[in-house]
Amino acid sequence: MKDNVYWMKTALNLARKAESIGEVPIGALIVKDGMIIGRGFNQRESRNDPSAHAEMIAIRQAARKLNAWRLTGTTLYVTLEPCPMCMGAILLARVDRLVFGCPDPKAGAAGSLYNLADDTRFNHRVELASGIMSAECSEILSSFFRKLRSAKKALRESA
């Protein structure tokens, strides 16, 4: 049986796809009955779309695959803790379980800044598992931003 680490490695591969096109390296996938039904990676820059987060793309793909907006019986794996927009979509889509790699202290809505997953005011709650391959998920992001800062510095110095 495939476990959280197996699926998070797949999400990290999706994050690398985002990085390869200059996007913030975040990857997400949705699994139902041991099968991937939705995949996504950040595409905000390439699509000029503020909602083109990895989770949103994976949710849309899974809904099309199931021909239903309710994604009950699914688990969403994502390399970074979802933001409020993505947590809202996760709740509205009725995703049962969320597994994420590293926390997002600046925008996390599954425990860091907010915990929308277990807010009793909503009519759906999401089971959480966090810290799966946290070091690897954090490093791909840190490395991306380190390279970005270095490139910007080099550009300033050459001007």
Side-chain angles (χ1 to χ4, degrees), residues 2-19 21-32 36-47 49-63 69-150 152:
K2 298 171 184 165
D3 65 359
N4 288 341
V5 171
Y6 174 88
W7 297 117
M8 192 59 70
K9 285 180 182 179
T10 305
L12 273 165
N13 286 335
L14 290 165
R16 289 183 190 96
K17 284 186 179 185
E19 183 177 36
I21 62 169
E23 296 278 356
V24 176
I26 300 169
L29 57 105
I30 297 180
V31 175
K32 182 176 176 86
I36 296 173
I37 61 168
R39 291 179 172 85
F41 55 87
N42 265 18
Q43 296 178 50
R44 292 188 316 168
E45 300 295 333
S46 54
R47 291 187 181 188
D49 180 352
S51 71
H53 289 205
E55 302 95 307
M56 300 295 285
I57 293 167
I59 287 169
R60 287 182 189 117
Q61 193 178 95
W69 64 267
R70 287 181 185 88
L71 302 180
T72 54
T74 64
T75 299
L76 188 149
Y77 293 87
V78 61
T79 55
L80 180 67
E81 178 183 1
C83 71
M85 174 184 66
C86 293
M87 276 307 301
I90 290 164
L91 288 165
L92 292 171
R94 309 296 197 268
V95 171
D96 287 338
R97 192 164 171 258
L98 168 65
V99 179
F100 66 88
C102 59
D104 184 351
K106 293 182 179 179
S112 290
L113 291 181
Y114 310 100
N115 188 357
L116 299 182
D118 196 33
D119 190 321
T120 57
R121 294 171 292 181
F122 293 116
N123 65 348
H124 180 71
R125 275 169 278 310
V126 180
E127 178 188 332
L128 289 179
S130 62
I132 308 302
M133 298 186 67
S134 182
E136 295 88 338
C137 293
S138 182
E139 178 52 34
I140 193 171
L141 287 162
S142 296
S143 174
F144 175 81
F145 286 114
R146 204 170 26 252
K147 289 175 193 170
L148 195 62
R149 286 189 299 275
S150 178
K152 285 181 180 179

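The residues of the chain are indexed from 1 along the displayed sequence. The shown structure was predicted, so the numbers you read here are calculated from the model rather than taken from an experiment.
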(message) Would you compute the distance between atom CD of E81 and atom CD of E55 and round it to the nearest 0.5 angstrom?
(response) 10.0 Å
(request) Report the residues that fulfil salt bridge (charged side-chain N to carboxylate O under 4.0 Å, His left out) with D119, sequence neighbours left out, ordered by chain and then residue number. (result) R121
(message) Show every side-chain hydrogen bond (donor to acceptor under 3.5 Å, both in side chains) that has at least one partner inside residues 87-104, sequence neighbours left out.
(response) N4-R97, R97-E127
(request) Would you mind reporting whether K32 and L71 have side-chain heavy atoms less than 4.5 Å apart? (result) no
(request) Ignoring hydrogens and angles, tell me if any N or O in the side chain of H124 forms a donor-acceptor pair with the backbone of V95 under 3.5 Å. (result) yes
(request) Rounded to the nearest 0.5 Å, what's the gap from CZ on F144 to CD1 on I26? Could you check? (result) 9.5 Å
(request) Would you mind reporting whether V99 and M8 have side-chain heavy atoms less than 4.5 Å apart? (result) yes
(request) Work out which heavy atom in G27 is nearest to a heavy atom in A15; give both atom names and the distance. (result) N-CB, 3.6 Å
(request) List for me each residue that meets side chain to side chain contact (heavy atoms under 4.5 Å, CB included) alongside Y6, sequence neighbours excluded, and say none if there are none. (result) K2, D3, T10
(request) State the CD1-OG1 distance between I140 and T79, to the nearest 0.5 angstrom. (result) 7.0 Å
(request) State, with a plain yes or no, whether a side-chain heavy atom of T75 is found less than 4.5 Å away from one of W7. (result) no
Result block: side-chain N/O donor-acceptor pairs under 3.5 angstrom for residues 128-135, not counting sequence neighbours:
none

(request) Check side chain to side chain donor-acceptor pair (under 3.5 Å) between E23 and all other residues, then give those that pass, not counting sequence neighbours. (result) S46
(message) Restricting to side chain to side chain donor-acceptor pair (under 3.5 Å), what partner residues turn up for R146, sequence neighbours left out?
(response) E139
(request) Please report the shortest heavy-atom distance between P84 and A107, naming the atom on each side. (result) CD-O, 3.2 Å
(message) Working to the nearest 0.5 angstrom, can you tell me the gap between Y77 OH and L14 CG?
(response) 13.5 Å
(message) According to side chain to side chain donor-acceptor pair (under 3.5 Å), who are the partners of Q43, at least two apart in sequence or on a separate chain?
(response) R47
(request) For the residue pair N42 and P25, establish whether any side-chain heavy-atom pair is separated by less than 4.5 Å. (result) no
(message) Assess the residue pair F41 and I57 against the criterion (side-chain contact (heavy atoms from CB on, under 4.5 Å)); give the C-alpha distance rounded to whole Å, side-chain angles, the decisive distance to 0.1 Å, and a yes or no.
(response) CA-CA 7 Å; F41 55 87; I57 293 167; over 6 Å; no
(message) Does any part of the side chain of L12, heavy atoms only, come nearer than 4.5 Å to the side chain of R16, both counted from C-beta?
(response) yes
(message) Tell me the closest heavy-atom pair linking P103 and L80, and the distance in Å.
(response) O-CD1, 3.5 Å
(request) Provide the closest heavy-atom pair for M87 versus A110 in the form atom of the first, atom of the second, distance. (result) SD-CB, 4.1 Å
(message) Minimum heavy-atom separation for R125 and T120, please, with both atom names.
(response) NH1-CA, 3.7 Å
(message) Nearest 0.5 Å, please: how far is SG in C83 from CG in L113?
(response) 10.5 Å
(message) Which residues pass the side chain to side chain donor-acceptor pair (under 3.5 Å) test with D118, not counting sequence neighbours?
(response) none
(request) Could you tell me the separation between the CG atom of L76 and the CG atom of L29, rounded to the nearest 0.5 Å? (result) 7.0 Å
(message) Contact between K147 and E19 at the side-chain level, heavy atoms closer than 4.5 Å - yes or no?
(response) yes
(request) Quick one: list whatever passes side chain to side chain contact (heavy atoms under 4.5 Å, CB included) with L92, sequence neighbours left out. (result) none
(request) Heavy atoms only: give me the nearest R44-P50 pair and the separation to one decimal. (result) CD-O, 3.6 Å
(request) For the pair Q61 (side chain) and G40 (backbone), establish whether a donor and an acceptor sit closer than 3.5 Å, ignoring hydrogens and angles. (result) no
